[in-house]
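A single structure is presented below for examination.
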Amino acid sequence: MYTNKLFTEITVGSALAKYDGEHIDEDILLIEDLSKLPLPDEPRRMNSILVGLCLKGTAQYNVDTVVHTCTANCVILVSTAQVIDAYKLSDDFQGVGFLLSPHFFSEIAKEVHELAQLFLFARNHPVSQLLPEEANAQLEYFHILQRKMQEKGHHFRKDVVRMILATMIYELGNVIFRIMNKEDNKKISRAEQIFSDFIQLVERNFRTERKVSWYSQQLCITPKYLSETVRQVSQLTPNEWIDRYVVMEIRVLLKTSRMSIKQIAQELNFPNQSFLGRFFMEHTGMSPSAYRKS
């Protein structure tokens, strides 16, 4: 049986081995010039959070096999567990950014209100266009962050950095709500919190757990209540969300690994290769082998 770590992971530590940037332990790495960050020539799964800002030129890359292109004033958000590859940078590309460890991000995000919407938006929008003033604000925060990280003798350096990052997340959150055409900053509802918790559970466990009853048990609610709540918030059922993650993982493995279809079926805990084939055909209209060749 294959493990979930089918691709070499991108962590703060692995990036530090290739890019000598300002950092604090293996929790955060500042990238002053994204064009100088050595880019892998094969798929990599994120075990960190990447936030970048394109200042000039263009960058193209795949996130979970979907092509994305960013230009000046675009913000780049790539989350843990997503697979990235096929980088292409224009000769005049310039950008800044940072990598965060999942643990450090959790420390920052636990105090951020309305994280559910931000989390879901970032997962579905790896690239977002900022207004010029919003991009300038993010760049100013980056430089403040850079100066504080350089103050090695500051007794509260890591705490100050954490607060600056939280502020940047709130600023990005404001951008996200603008994009989502939300005019009010209401508190996250109980239904939205359940939905967010459910999505995060699915992300960690979809390879082995596909029953709605298992997820409802983890959330200490009934399967019926979970189904009604998820449908209310997202217009999709829990089963549809679980299937989306499974289909995406199959797509990624077919396109970016040399695993056989039988091995992919084993990796994702399907009873057999035929069962996976029927499941994939039902959701994509293509057989796994046809999709791999396409």
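Keep in mind that the numbers below use all heavy atoms, side chains included, and drop hydrogens, waters and symmetry copies.
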Next on the checklist: The test is side-chain contact (heavy atoms from CB on, under 4.5 Å); show your working for Leu226 and Phe198 and say whether it passes.
Outcome noted: CA-CA 9 Å; Leu226 175 61; Phe198 166 71; 4.1 Å; yes
Checklist entry - Does Val66 belong to the same Ile/Leu/Val/Met/Phe/Trp/Tyr cluster as Val63, with side-chain heavy atoms less than 4.5 Å apart forming each link? => result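 No; tracing contacts between hydrophobic side chains, which count when under 4.5 Å, never links both residues.
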Next on the checklist: Please determine whether residues Leu172 and Leu139 belong to a single hydrophobic cluster, defined as Ile, Leu, Val, Met, Phe, Trp and Tyr linked transitively by side-chain heavy-atom distances below 4.5 Å.
Outcome noted: yes
Item to check | Donor-acceptor pair, side chain of His103 and main chain of Ser101, under 3.5 angstrom | outcome: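 No: the side chain of His103 does not pair with the backbone of Ser101.
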Checklist entry - How close do Tyr19 and Asp33 get, heavy atom to heavy atom, and via which atoms? => result OH-N, 3.5 Å
Checklist entry - Considering residues, nucleotides and ligands other than Asn272, do more than 12 of their heavy atoms fall under 6.0 Å from its CG? => result yes
Next on the checklist: Which residue in the set Thr284, Thr65, Thr256 passes side-chain hydrogen bond (donor to acceptor under 3.5 Å, both in side chains) when paired with Arg251?
Outcome noted: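 Exactly one option meets the side-chain hydrogen bond (donor to acceptor under 3.5 Å, both in side chains) with Arg251, and it is Thr65.
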Checklist entry - Should we count CG of Asp20 as having more than 12 external heavy atoms under 6.0 Å? => result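 Counting other residues, nucleotides and ligands, CG of Asp20 stays at 12 neighbours or fewer.
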Item to check | Rounded distance [0.5 Å steps], CG in Leu16 versus CG in Leu29 | outcome: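 If I round to the nearest 0.5 Å, the distance is 5.0 Å.
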Checklist entry - Going by heavy atoms in the side chains, are Ile194 and Tyr225 under 4.5 Å from each other? => result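 Yes; the side chains approach each other to less than 4.5 Å.
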Checklist entry - Is any side-chain heavy atom of Ile24 closer than 4.5 Å to a side-chain heavy atom of Met149? => result yes
Checklist entry - Does one side chain, of Glu203 or Tyr245, offer a donor that lies under 3.5 Å from an acceptor on the other? => result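 Not at all, the side chains of Glu203 and Tyr245 share no donor-acceptor pair under 3.5 Å.
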Checklist entry - Of the options Asp243, Thr229, Val230, Ile199, which is the one that meets Pro238 in a side chain to side chain contact (heavy atoms under 4.5 Å, CB included)? => result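 Answer to the side chain to side chain contact (heavy atoms under 4.5 Å, CB included) test with Pro238 among Asp243, Thr229, Val230, Ile199: Val230.
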Next on the checklist: For the residue pair Asp92 / Ser90, report whether a side-chain donor-acceptor contact shorter than 3.5 Å exists.
Outcome noted: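 Ser90 vs Asp92: donor-acceptor pair found between side chains.
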Item to check | Side-chain donor or acceptor of Tyr215 paired with backbone N/O of Glu209 under 3.5 Å | outcome: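 Checking the backbone N and O of Glu209 against the side chain of Tyr215, a donor-acceptor pair under 3.5 Å is found.
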Checklist entry - Any side-chain heavy atom of Ile264 sitting closer than 4.5 Å to one from Leu276? => result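 Side chain of Ile264 against side chain of Leu276, heavy atoms only: contact under 4.5 Å found.
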Checklist entry - So, His125 side chain and Val127 main chain: donor-acceptor pair closer than 3.5 Å or not? => result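 Looks like no, no N/O pair under 3.5 Å.
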Next on the checklist: Please determine whether salt bridge (charged side-chain N to carboxylate O under 4.0 Å, His left out) holds for the pair Lys148 and Glu151, giving the CA-CA distance in whole Å, both sets of side-chain angles, and the decisive distance to 0.1 Å.
Outcome noted: CA-CA 5 Å; Lys148 289 301 176 184; Glu151 295 180 8; 3.6 Å; yes
Checklist entry - For the residue pair Glu267 and Arg207, what are the closest heavy atoms and their distance? => result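 What the structure gives for the nearest pair is OE2-CD, 4.1 Å.
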Item to check | Main-chain N/O of Ile10 paired with Ser48 side-chain donor or acceptor, under 3.5 Å | outcome: yes
Checklist entry - Between CZ of Phe98 and CG of Leu53, what distance do you get to the nearest 0.5 Å? => result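 That separation rounds to 10.0 Å.
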Checklist entry - Step by step, would you call Arg204 with Thr80 a side-chain contact (heavy atoms from CB on, under 4.5 Å)? => result CA-CA 10 Å; Arg204 294 195 298 268; Thr80 302; over 6 Å; no
Next on the checklist: Using 0.5 Å steps for rounding, measure from the CZ atom of Phe142 to the CG atom of Leu55.
Outcome noted: 9.0 Å
Item to check | Single-linkage hydrophobic cluster, 4.5 Å side-chain cutoff, Phe156 and Val161 together | outcome: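 Cluster IDs for Phe156 and Val161 match.
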Item to check | From CA spacing to verdict: salt bridge (charged side-chain N to carboxylate O under 4.0 Å, His left out), Glu22, Lys152 | outcome: CA-CA 11 Å; Glu22 197 69 49; Lys152 303 294 197 299; 2.5 Å; yes
Checklist entry - Is it true that a side-chain atom of Asp25 and a backbone atom of Asp27 form a donor plus acceptor pair closer than 3.5 Å? => result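 Judged by distance alone, no pair lies under 3.5 Å.
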Checklist entry - So, do Trp241 and Phe195 have ring centers that fall under 6.0 Å from each other? => result yes
Checklist entry - Cut-off 3.5 Å, side chains only: do Gln146 and Glu32 have a donor facing an acceptor? => result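 Looking only at side-chain atoms, Glu32 and Gln146 do form a donor-acceptor pair, the distance falling under 3.5 Å.
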Next on the checklist: Please determine whether a side-chain nitrogen of the Lys or Arg among Arg44 and Glu42 lies less than 4.0 Å from a carboxylate oxygen of the Asp or Glu.
Outcome noted: yes
Next on the checklist: For a quick check under 3.5 Å, do Glu192 and Ser196 share a side-chain donor-acceptor pair by atom type?
Outcome noted: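 Not at all, the side chains of Glu192 and Ser196 share no donor-acceptor pair under 3.5 Å.
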Next on the checklist: Between Leu165 and Phe104, does the side-chain contact (heavy atoms from CB on, under 4.5 Å) criterion hold? Intermediate values first, please.
Outcome noted: CA-CA 10 Å; Leu165 288 168; Phe104 193 50; 3.7 Å; yes
Checklist entry - Is any side-chain heavy atom of Tyr87 less than 4.5 Å from a side-chain heavy atom of Asn62? => result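 Side-chain contact under 4.5 Å: no.
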Item to check | Gap between atom CD of Glu134 and atom CD of Glu171 - 0.5 Å precision | outcome: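 Spacing of CD (Glu171) from CD (Glu134) equals 8.5 Å.
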Next on the checklist: Tell me if a side-chain donor or acceptor on Asn73 pairs with a main-chain N or O of Leu131 at a distance below 3.5 Å.
Outcome noted: no
Checklist entry - Do Phe93 and Leu34 come close enough that some side-chain heavy atom pair is under 4.5 Å? => result yes
Item to check | Side-chain donor/acceptor of Gln263 to backbone N/O of Ser260, under 3.5 Å | outcome: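 Side chain of Gln263 to backbone of Ser260: a pair is present.
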Checklist entry - Honestly curious: do Ile28 and Met163 fall in one hydrophobic cluster under the side-chain, below-4.5 Å linking rule? => result no
Next on the checklist: Please evaluate residues Thr71 and Gln129 with respect to the criterion side-chain contact (heavy atoms from CB on, under 4.5 Å), reporting the C-alpha separation (whole Å), side-chain torsions for both, the decisive distance (0.1 Å), and the verdict.
Outcome noted: CA-CA 8 Å; Thr71 55; Gln129 183 72 47; 3.7 Å; yes
Checklist entry - For Gln193 and Asp197, does a side-chain donor sit closer than 3.5 Å to a side-chain acceptor? => result yes
Checklist entry - Just by modelled atom types, is the Glu9 backbone N or O under 3.5 Å from a matching donor or acceptor in the Arg45 side chain? => result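 No; zero donor-acceptor contacts below 3.5 Å.
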Checklist entry - When you look at CD of Glu240, are more than 12 heavy atoms from neighbouring residues, nucleotides or ligands closer to it than 6.0 Å? => result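 Atom CD in Glu240 is crowded, with more than 12 foreign heavy atoms closer than 6.0 Å.
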Checklist entry - Which atoms form the tightest heavy-atom contact between Leu100 and Val12, and what is the distance? => result C-CG2, 3.8 Å
Item to check | Minimal non-hydrogen separation, Ser128 against Ile179, with atom names | outcome: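 Of all heavy-atom pairs spanning Ser128 and Ile179, the closest is CB-CD1, 4.0 Å.
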Item to check | Beyond-backbone contact of Ile76 with Pro126, side-chain heavy atoms, under 4.5 angstrom | outcome: no
Checklist entry - About how many Å separate CD of Gln218 and CG of Leu201, when rounded to the nearest 0.5 Å? => result 6.5 Å
Checklist entry - Less than 4.5 Å apart, any side-chain heavy atom of Ile49 and any of Val78? => result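 No - every pair of side-chain heavy atoms lies 4.5 Å or more apart.
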Next on the checklist: Taking the side chain as everything from C-beta on, heavy atoms only, tell me whether Met248 gets closer than 4.5 Å to Leu253.
Outcome noted: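 No, side chains not in contact.
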Checklist entry - Is there a path of hydrophobic side-chain contacts, each under 4.5 Å between heavy atoms of I, L, V, M, F, W or Y residues, that connects Ile250 with Phe275? => result yes
Checklist entry - Got a second to check how far Gln94's CD is from Leu89's CG, nearest 0.5 Å? => result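 Reported value, rounded in 0.5 Å steps: 11.5 Å.
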